[in-house]
Amino acid sequence: MAKITINGQLVKVKKGTTILSAARQLGIDIPTLCFLEEINEIGFCRICVVEVEGEQDLISACNTEITNGMVIQTDSDKVRQSREATLQLLASRHRFDCWRCPKDGMCEFYDLLKSHDVVFEEFGPGIGRSSDLIAGSGISQDQSKCVLCKRCVAVCQNVVTANVLKFRDDDDPMNPIVSPTPGLAFDDAGCIFCGQCVKACPTGTLFETDHTNDVLTFLRNKDDHVVVQLDTRVNGAIAESFGYDIDTPFEETFGKTVKALELLGFDTVTTLDYGEDYHARATAEELLKRLEDKDNLPLFTSSCPASTRFLELYEPERLDHIATVKSPHILQGSQLKHKLLKQKPANTKVVTLSSCTAKKYERTREELVTAGVADVDTALTVREITKLMKQKGIAYRNLEAATPDPAVTSEHVAVQGGVLVAVLNAAHQIKTGEPLAELTFKHVHGEKESDGFIEEATVQLGEAKLNVARVIGGAAFKELFARSNKKNYHLIEFLMCPGGCLNGGGMPIHKNLTTHEVIARRETSYCDGGTDLPLSNPLHNHLVDDNFADDPSIHTGYSQKEYRKE
Amino acid sequence: MTTKSQDVNALFEQWILDAETRLQEEDMFTKIKSYLESTHPEICGKCIPCRDGVPKLERLFDKYIQGEATLKDLKEIERIVYNLRASRCSVGLDIGKNMEVILENNYNVLYSPVKKY
Ligand code: SF4
Ligand code: SF4
Ligand code: SF4
Ligand code: FES
């Protein structure tokens with residue numbers, strides 16, 4: 001324990017605590033910009049500076065540990081003036097268009113400017129930090145808004161392990177930039193489009209590539225029949241954006257979301273439950289076949305496009321392990337166009353609405369075409385759809401509940417879900433005639449979301465005993481591969497985003513809640529009752545049952561993809 | 001500062017003298033500016049007070065050189081110089097300390113040419 005004084009209050013804090021966390025424990029907030037707890041503690045921005053008695057210089061609170069007897073001032077004149085001067089310097093090299101900025105009200109830089117007295121004159125945007133977009137199919141970057149905090153770099157490197165973004169100060173340290181390989185689009189620089197950097201960016205520099213105009217074009221075209229397929233897990237996040245508490249029960253808002261989508265002009269509103277069950281059932285069949293043939297085990301699930309792209313880029317020797325079943329929303333898109341709806345496939349436009357920025361990239365894959373027609377036409381994130389709803393003046397809170405189109409939508413049942421559970425349950429029932437009695441996972445790796453989690457289970461499937469694992473968060477992929485050298489797995493689910501899809505790259509940003517809390521509360525909202533729920537069973541889905549056919553249109557393939565990093 | 005900046009230190013010593021010897025005004029401003037420019041190779045570009053503060057100071061001394069400096073610019077110079085005390089490493093901190101000495105010793109020189117209205 002150490003005794004310190006912060007703004008006149010004498011307190012005891014644990015040794016090794018930073019000034020920032022000591023102050024926060026006391027309820028004193030020190031503003032930060034480049035700081036991301038345990039991910040980016042590098043002291044770049046100098047916004048968090050404080051005055052320490054006996055020191056001539058100002059000290060950054062985010063990465064300085066307290067020492068016994070320290071006397072700290074967090075808001076003296078000197079400190080405030082310094083923060084103002086620093087913000088002023090930053091602002092004078094920033095391109096402001098807040099009203100049309102993709103950060104849309106969630107900008108930490110804007111908040112800092114608002115809470116300080118900052119007057120500035122431009123002295124030229126930094127050389128190299130141009131407002132030309134760095135393009136990408138899932139995410140894009142506008143460097144003219146970059147504050148060089150390096151948060152995205154730390155996340156891409158340590159949480160995602162794709163190492164796409166770099167702080168580039170070799171050519172001209174006075175004008176560094178943060179970017180993928182200079183001159184290349186994200187698609188060619190090894191990006192997997194998880195969108196975690198977008199969530200980490202305090203400004204509107206990194207953002208999901210905007211596809212709202214595609215959707216508006218489809219909606220305007222009278223010949224198009226436009227379908228939106230909603231991942232029900234994001235319903236809560238849409239409600240959040242209209243002021244509902246993050247843990248508002250699903251049933252309270254789901255009908256409003258459907259209504260709002262109808263009002264936007266979609267001809268058919270449906271969920272992704274059909275595609276998910278279809279995908280799980282087809283994957284179960286594939287698993288059983290591979291077990292029988294002892295072929296390419298473990299089987300990797302194919303539902304997370306950021307993960308499959310990661311494997312294509314960085315683990316090409318493992319591609320034979322990925323299930324050939326198309327991912328749920330792609331599979332459902334193809335089914336909607338060719339089986340479920342009466343319209344001509346070419347005139348049916350399918351829009352996926354989910355938490356995921358990687359689906360934007362995924363739907364551009366040449367492989368995902370059925371009879372010459374793309375399976376899915378565009379993919380929106382929660383942030384994009386709520387923007388459209390707000391533009392259209394939809395008063396979400398006042399809406400009557402509507403229901404998705406029953407002809408093409410599976411009944412939504414509260415279950416213990418996840419691809420792995422559904423695949424195993426289906427495989428068990430196909431093999432033995434009975435669903436799984438129970439399934440418990442053991443947490444074997446990772447302390448917090450950003451480390452990545454690994455959960456394992458063993459399942460008796462007839463004679464065979466299967467080892468299965470779920471990896472949540474790119475940082476744990478390496479660890480899983482290391483484990484798979486020692487242990488024979490049969491089935492592995494990969495999710496790229498730390499904490500899973502509820503923390504996807506396209507989800508709304510919460511400035512005042514930790515990732516852990518956001519995920520936990522979104523979970524409560526989505527499936528209150530948690531572990532008492534029955535296991536998800538795709539064989540109980542009648543709509544899938546009526547349409548299930550293991551034909552080539554539900555399969556795809558993977559191949560090594562090129563990239564250049566510098 | 002490190003050995004790399006020997007010349008800088010030499011320059012700097014001269015300025016402290018300048019406080020008594022009173023250099024010609026224009027000379028002094030261009031010298032300060034070239035001192036600031038000479039620090040670029042050492043600036044790592046990581047923190048804002050130094051990376052963006054130093055070029056901003058250069059723009060402000062440009063105004064002096066062009067005879068367009070105002071009292072506001074002088075105050076601005078002070079602010080940004082003092083903010084170098086928030087820098088992340090000794091490069092920025094030292095530039096700040098050197099500049100503080102320059103301000104202290106030559107304030108009258110800096111004050112006299114400003115447009116006060
Ligand atoms: S990044 Fe922030 S400050 Fe900059 S334009 Fe966007 S909202 Fe405004
Ligand atoms: S989307 Fe993911 S992989 Fe691409 S740059 Fe961002 S963090 Fe890295
Ligand atoms: S892109 Fe965003 S997160 Fe990355 S350095 Fe720039 S401002 Fe920071
Ligand atoms: S938050 Fe501490 S230096 Fe950026």
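Order of the sequence lines fixes the chain letters, A, B, ..., with proteins taken first and strands second; residue numbering starts at 1 for each chain.
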Evaluate side-chain contact (heavy atoms from CB on, under 4.5 Å) for Leu148(A) paired with Arg51(B), printing each intermediate quantity in order. CA-CA 11 Å; Leu148(A) 299 170; Arg51(B) 175 194 68 220; 3.4 Å; yes
Greater than 12 external heavy atoms within 6.0 Å of Gln66(B)'s CD: yes
For Phe120(A), look at atom CZ and say whether over 12 heavy atoms of other residues, nucleotides or ligands are found less than 6.0 Å away. yes
Can you check whether Ala86(B)'s main-chain N or O pairs, donor with acceptor, with Arg46(A)'s side chain at less than 3.5 Å? yes
Does any backbone or side-chain atom of Ser60(A) lie under 4.5 Å from a heavy atom of chain B? Answer side chain, backbone, both or neither. neither
Please determine whether the number of non-hydrogen atoms from other residues, nucleotides or ligands lying under 6.0 Å from atom NZ of Lys565(A) exceeds 12. yes
Supply the atom-to-atom distance Cys44(B) SG to Met174(A) CE, rounded to the nearest 0.5 angstrom. 10.0 Å
Heavy-atom count around Lys511(A) NZ within 6.0 Å, excluding the residue itself: above 12? yes
If you measure from OG on Ser82(A) to CG on Asn83(B), what distance do you get to the nearest 0.5 Å? 4.0 Å
For chain A, which of Glu76(B), His40(B), Lys46(B) has the most heavy-atom pairs under 4.5 Å? Lys46(B)
Asn68(A) atom CG: more than 12 heavy-atom contacts under 6.0 Å: yes
In the structure I gave you, are the side-chain heavy atoms of Gln56(A) and Lys97(B) within less than 4.5 Å of one another anywhere? yes
Ile43(B) versus chain A, heavy atoms under 4.5 Å apart: side chain, backbone, both or neither? both
Could you measure the distance from the CG atom of Leu89(A) to the CD1 atom of Ile48(B)? Nearest 0.5 Å is fine. 8.0 Å
Set out, in order, the CA-CA distance, both residues' side-chain angles and the distance that settles side chain to side chain donor-acceptor pair (under 3.5 Å) for Arg79(B) and Gln81(A), then state yes or no. CA-CA 8 Å; Arg79(B) 257 159 70 79; Gln81(A) 275 162 19; over 6 Å; no
More than 12 foreign heavy atoms under 6.0 Å from CG of Asn7(A): is that the case here? yes
So which atom in Pro49(B) and which in Cys45(A) form the shortest heavy-atom distance, rounded to 0.1 Å? CD-O, 4.4 Å
Below 4.0 angstrom, N of the basic side chain to O of the carboxylate: do Arg88(B) and Asp57(A) qualify? no
